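Here is the structure we will look at.
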Amino acid sequence: MYYNLDAQVHSEYLYEEPEELYEFYEFIGEGGFSMVYRAMFIPTGEIIAVKILKEDKETRTAVVEATIQEAVLLNKLDHPNVIKVKHLI
């Protein structure tokens with residue numbers, strides 16, 4: 001499932017496969033439910049962080065819902081040290 005949180009800018013990428021959108025460079029870190037990688041968003045050349053949820057069928061629904069809520073909240077904040085979320089895949 002693909003959630004586009006920046007539809008005005010990236011709506012043309014909505015149906016592409018994630019492998020076509022990102023070039024992964026390096027592993028940045030890992031938490032309880034996800035891993036983060038440094039990558040390039042191929043269509044724009046922008047360097048970004050990609051958060052990939054771990055496969056855990058028991059908690060999957062709750063983790064996806066929490067991740068969507070986190071993304072919406074982050075996008076409401078305006079601070080140079082807070083990231084903007086553009087896509088959830």
Side-chain angles (χ1 to χ4, degrees):
M1 184 174 291
Y2 184 100
Y3 300 90
N4 191 348
L5 298 175
D6 194 9
Q8 293 177 339
V9 176
H10 299 296
S11 62
E12 65 270 28
Y13 312 124
L14 187 58
Y15 299 106
E16 293 187 48
E17 295 296 319
E19 298 80 20
E20 298 172 9
L21 292 176
Y22 305 100
E23 181 176 330
F24 291 89
Y25 294 131
E26 63 188 304
F27 175 77
I28 295 174
E30 182 173 2
F33 298 108
S34 64
M35 299 166 291
V36 180
Y37 294 86
R38 182 175 173 265
M40 179 178 62
F41 185 57
I42 294 169
T44 65
E46 181 180 14
I47 300 299
I48 60 171
V50 176
K51 182 177 187 177
I52 300 175
L53 299 180
K54 295 178 181 177
E55 293 293 328
D56 183 351
K57 302 211 186 294
E58 293 179 17
T59 60
R60 183 80 176 161
T61 301
V63 170
V64 169
E65 289 175 8
T67 301
I68 293 169
Q69 290 176 355
E70 175 187 39
V72 170
L73 177 62
L74 285 170
N75 285 346
K76 289 180 180 179
L77 299 174
D78 186 22
H79 189 277
N81 294 332
V82 176
I83 63 164
K84 295 293 183 190
V85 179
K86 295 187 177 184
H87 308 112
L88 295 175
I89 300 173

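Note that the structure is a prediction, hence the values are computed from the model and not measured. What's counted below: heavy atoms across the whole structure, side chains too, no hydrogens, waters or symmetry copies.
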- Message: F33 vs T67, test: side-chain contact (heavy atoms from CB on, under 4.5 Å). Steps then yes/no.
- Response: CA-CA 10 Å; F33 298 108; T67 301; over 6 Å; no
- Note on the structure: Rounded to the nearest 0.5 angstrom, the CG-CD1 distance for L73 and I68 is 14.0 Å
- Over all atoms of both residues, closest heavy-atom pair of V50 and A39: CG2-CB, 3.7 Å
- Message: Quick check for you: to the nearest 0.5 Å, what is the distance between I52 atom CD1 and F24 atom CZ?
- Response: 4.5 Å
- Item | Shared hydrophobic cluster for M35 and I48 (ILVMFWY, side-chain gaps under 4.5 Å) | yes
- Item | I42 vs E20 side-chain heavy atoms within contact, under 4.5 Å | no
- With rounding to the nearest 0.5 Å, note down the distance linking CZ in R38 to CD in E23. 10.0 Å
- Relative to the ring of Y37, is the ring of F27 parallel (under 30°), tilted (30 to 60°) or perpendicular (over 60°)? perpendicular
- Message: Starting from L74, can I reach I28 by hopping between I/L/V/M/F/W/Y residues whose side chains sit under 4.5 Å apart?
- Response: no
- Query: So how far is it from M40 CE to E46 CD, rounded to the nearest 0.5 Å?
  - Reply: 11.0 Å
